[in-house]
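A short worksheet on the structure shown next.
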Amino acid sequence: MDSLARGSFSSSIDYSELESNLSLKDRLKGFKSSKYDVDAYVTSKCQAMTEKVHHFFPLFFPLFSLHSLLIPILDQEIKHLCFYLGELKKASAEEMRKSVYANYGAFIRTSREITDLEGELLLLRNHLSTQAALVHGLAEAATIESLSGDLEDSTAVHSSNQSSELRNTDEWLVEYLDNLEVLMVERRMDEALAALDEGEQIAKNTNRRKNLSAAALSSLQTAIRDQRQKLASLLEQTICQPSTRGVELRSAAQALKKLGDGARAHMLLLNSHHQKLQRSLQSFRSSNSGGGAFTAAISQFVFSTIAQAASDSMAVFGEEPAYASELVTWSLKQTDAFAVFLKRHVIASSAAVGSLRIAAECVQICMGHCSLLQARGLALSPVLFRHFRPLVENGITANLRRIEQTSAALAAADDWLLAYSPVASRLFLMSASASSLGSLSQPKLSSSAHRFNTMVQEFLEDMGSLESLQLDALTLEGVLQVFNSYINLLITALPSSVENEMNLEGSATKIVRLAETESQQIALLANASLLADELIPRAATKLFPANRSETPRKSSSSRVPEQREWKRRLQRSVDRLRDSFCRQHALELIFTEEGDTRLNAQMYLSMDGNGEEPEWFPSQIFQALFEKLTRIASIATDMFVGRERFATVLLMRLTETVILWLSEDQAFWEEVEEGPRPIGPFGLQQFYLDMEFVILFASQGRYLSRNLHQVIKNIIARAIESLASTGTDPYSALPEDDWFAEVAQIAIKMLSGKANFSNVDRDPTSPTASVSAKSISSVHSHGSN
């Protein structure tokens with residue numbers, strides 16, 4: 001069938017091509033015949049078309065099926081095309097908006113030029129009317145009277161009547177001109193403007209009805225033109241007078257606009273307000289007293305003057321785009337000049353010396369007055385933002401530098417003893433409401449920490465009022481910097497700390513009084529933890545949007561991750577101080593003053609050489625560790641009231657520092673595992689006892705971390721493997737776990753002074769029997785030392 005269809009299609013094409021090749025003359029022969037039948041011709045043609053359709057149908061049927069498949073695809077493509085055209089439309093609109101803003105100044109100048117051109121066209125029209133009247137008068141005067149007879153008589157009568165009428169009109173003209181001159185001399189502007197409008201109307205009617213002679217009409221038009229120019233000059237003088245205010249100023253501008261010079265009227269109106277601002281700024285400059293009162297007075301005057309100019313412009317010229325654009329440009333220029341004036345005479349000097357409070361107060365006042373103009377469509381805050389932000393940033397830098405230098409100076413004389421502030425901090429009292437003041441207690445800090453806290457809170461209070469300048473991130477970063485600087489001072493105060501040794505070798509050494517006793521050293525940690533956990537975050541809350549009722553909830557939620565990260569960075573600084581403290585005390589335990597190691601492999605390897613069972617008691621270094629942790633816990637309990645978690649972490653980190661050093665000491669494990677005399681059963685038992693002793697007292701003190709417990713289990717397993725590698729079964733050499741727990745418990749009681757076994761009858765099989773009187777006496781002598 002397909003072949004048949006293709007054959008039919010080709011035959012039909014050949015037929016159509018053959019038919020198309022017939023000449024026009026051959027085609028028209030049938031119509032010239034006298035036997036031409038219209039119905040028969042149409043019938044034959046319809047039959048021929050029916051045959052063609054039958055030939056073509058098999059070919060087109062698959063195309064119809066293909067069309068039904070293509071419809072969804074085409075529909076999808078059309079949708080994509082529509083979406084693409086919509087995006088092009090949006091991009092075009094955005095490009096149009098950018099082009100308008102980019103050429104905003106050119107648009108204003110073009111609008112002003114168009115307005116000036118309209119005034120010039122109006123004057124040109126008046127000149128052309130005057131010239132046309134003169135030509136018309138000259139043509140009438142040059143007319144030759146050539147009429148005869150009755151025509152001369154009738155003309156004479158008509159001329160007599162017309163002359164009488166003209167004489168009356170000329171008398172009116174003289175009176176009108178005199179009256180206009182009087183109005184101009186007396187400066188009755190509104191009446192003079194009305195008289196000029198009346199004269200122009202009469203001139204137009206006269207020009208149409210021929211009521212005035214050509215000379216009179218010319219005189220009238222010339223007088224009107226001259227008086228309009230004179231009136232315009234008088235109105236300009238009135239607007240420019242410093243004494244012109246309010247209604248009089250608007251009336252003069254309105255009259256000048258009616259005279260056809262609206263652009264100049266608007267320019268003079270704005271210039272009048274500009275001159276007013278200049279005179280006032282000059283007087284303010286001569287009586288500059290600085291401070292918030294001066295700024296409030298001048299800021300209120302400047303922005304109220306701009307508001308008055310906007311009101312006058314709206315009252316006289318309405319919302320015409322050209323005038324509105326010129327008003328916006330003028331307002332921006334005046335705001336810029338005011339910002340430069342205030343920056344030069346008030347803010348710059350205050351910010352340079354670190355007096356951020358005065359600068360912040362001035363900026364807050366100006367931004368508040370400026371925001372009141374937004375309802376009038378004048379967004380002037382970006383101008384102040386551009387001028388004030390760099391100055392405030394410099395003030396922030398100077399203030400932070402002052403805090404850092406003052407803290408360093410105070411740290412040189414700090415005795416590192418915690419006490420209440422002699423005078424209650426003003427900021428602390430302001431942060432508490434009257435109802436909650438009783439529930440808040442003052443912090444106990446050392447003298448330098450009290451001063452540091454006061455300076456930081458004053459700084460954050462000043463910056464909290466500068467929300468409009470968007471300096472939150474810079475302020476918080478600065479607080480982090482000065483806090484890190486103060487933490488470095490505290491680290492330097494630790495005796496024999498690594499950081500202190502580095503500072504002493506460097507050129508920028510800061511003299512800091514050392515914290516010699518453990519109480520003083522823990523006081524350093526108390527300073528840092530209280531500042532980072534409570535005082536500084538509480539003062540910084542006024543910078544976060546979450547604490548401002550007018551801030552949308554969405555923006556406050558977006559700042560929560562930033563707040564958390566900022567607080568974590570504070571805690572990391574405190575962790576540096578805590579790690580330095582723990583490292584120092586761990587080194588004091590592990591090494592002697594001569595540099596020898598107290599915690600070495602020989603203390604365990606030498607226990608199996610004598611063949612006698614030793615006295616089972618924790619090693620000397622772990623006894624010292626327990627006593628140090630006990631003392632620190634007692635001191636921390638008094639210093640970290642309400643913050644016991646920090647004391648627990650401190651004890652945990654100190655214990656971990658000692659055990660991790662043991663776990664990572666390669667020399668220790670090389671001797672234990674590969675030495676000429678590996679660890680024996682007694683040495684393993686003593687090592688096991690020491691580790692169980694650490695686990696027990698850390699667990700009872702509630703500072704046994706999972707990490708510490710796992711590290712101890714790992715090093716015990718490593719020691720057991722070392723003994724097993726010698727061929728000895730370590731588990732047959734070790735007693736039961738209860739034995740280690742009981743001996744460790746007895747040691748804790750003896751070291752803490754809660755038990756005395758010197759006069760107690762002991763069972764030889766009891767673990768207590770392994771604790772000899774010699775061990776007890778050595779414990780007491782070590783405790784007394």
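Below, each value reflects all heavy atoms present in this structure, side chains not excepted, and no hydrogens, waters or symmetry copies.
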Review point. Looking at CD1 of I403 and CD of Q481, how far apart are the two atoms once the value is rounded to the nearest 0.5 Å?
Key: 11.5 Å
**Study point:** Contact summary for I536 and L460, nearest pair of heavy atoms
**Key:** O-CD1, 4.2 Å
Check your understanding: Counting heavy atoms not belonging to R568, are there more than 12 under 6.0 Å from its CZ?
Key -> yes
Review point. Going by the angle between their ring planes, with limits at 30° and 60°, are Y486 and F452 parallel, tilted or perpendicular?
Key: parallel
Review point. Aromatic rings H585 and F581: how do their planes relate, parallel, tilted or perpendicular, breaks at 30° and 60°?
Key: tilted
Review point. With F668, which residues qualify under ring-ring contact (aromatic ring centres under 6.0 Å, His included), at least two apart?
Key: none
Practice item. Establish, yes or no, whether a centroid distance under 6.0 Å links the rings of F626 and F622. Key: no
Exercise for review: Determine whether the side chains of R451 and S407 contain a donor N or O and an acceptor N or O closer than 3.5 Å.
Suggested key: no
Review point. Hey, mind stepping through Y703 and T655 against side-chain contact (heavy atoms from CB on, under 4.5 Å) and telling me if it holds?
Key: CA-CA 9 Å; Y703 49 87; T655 309; 3.5 Å; yes
Review point. Rounded to the nearest 0.5 Å, what separation is found between the CZ atom of R598 and the OG1 atom of T592?
Key: 6.0 Å
Point to revise | Audit row: V658, L662, side-chain contact (heavy atoms from CB on, under 4.5 Å) steps and yes/no | key: CA-CA 6 Å; V658 175; L662 175 62; 6.0 Å; no
Exercise for review: Determine, step by step, whether L570 and W566 satisfy the side-chain contact (heavy atoms from CB on, under 4.5 Å) criterion, reporting the C-alpha distance in whole Å, the side-chain angles of both residues, the deciding distance to 0.1 Å, and the verdict.
Suggested key: CA-CA 7 Å; L570 287 175; W566 183 75; 3.8 Å; yes
**Study point:** Residues forming a ring-ring contact (aromatic ring centres under 6.0 Å, His included) with F740, sequence neighbours excluded
**Key:** Y688
Practice item. Start with the C-alpha distance between T517 and Q521, add both sets of side-chain angles, then the distance that settles side-chain contact (heavy atoms from CB on, under 4.5 Å), and finish with yes or no. Key: CA-CA 6 Å; T517 66; Q521 295 168 14; over 6 Å; no
Practice item. Would you please test R569 and N484 for side-chain hydrogen bond (donor to acceptor under 3.5 Å, both in side chains) and show each step? Key: CA-CA 10 Å; R569 292 176 66 184; N484 285 331; over 6 Å; no
Exercise for review: Give a yes or no on whether Q602 atom CD has more than 12 heavy-atom contacts from other residues, nucleotides or ligands under 6.0 Å away.
Suggested key: yes
Check your understanding: Would one find more than 12 heavy atoms of other residues, nucleotides or ligands at under 6.0 Å from atom CZ of R645?
Key -> no
Point to revise | Nearest-0.5 Å distance that lies between atom CZ in R538 and atom CG in N453 | key: 8.5 Å
**Study point:** D575-Q571 side chain donor-acceptor pair, cut-off 3.5 Å
**Key:** no
Practice item. Output the distance between atom SG (C582) and atom CE (M652), rounded to the nearest 0.5 Å. Key: 11.0 Å
**Study point:** R702, CZ atom: more than 12 neighbouring heavy atoms under 6.0 Å
**Key:** no
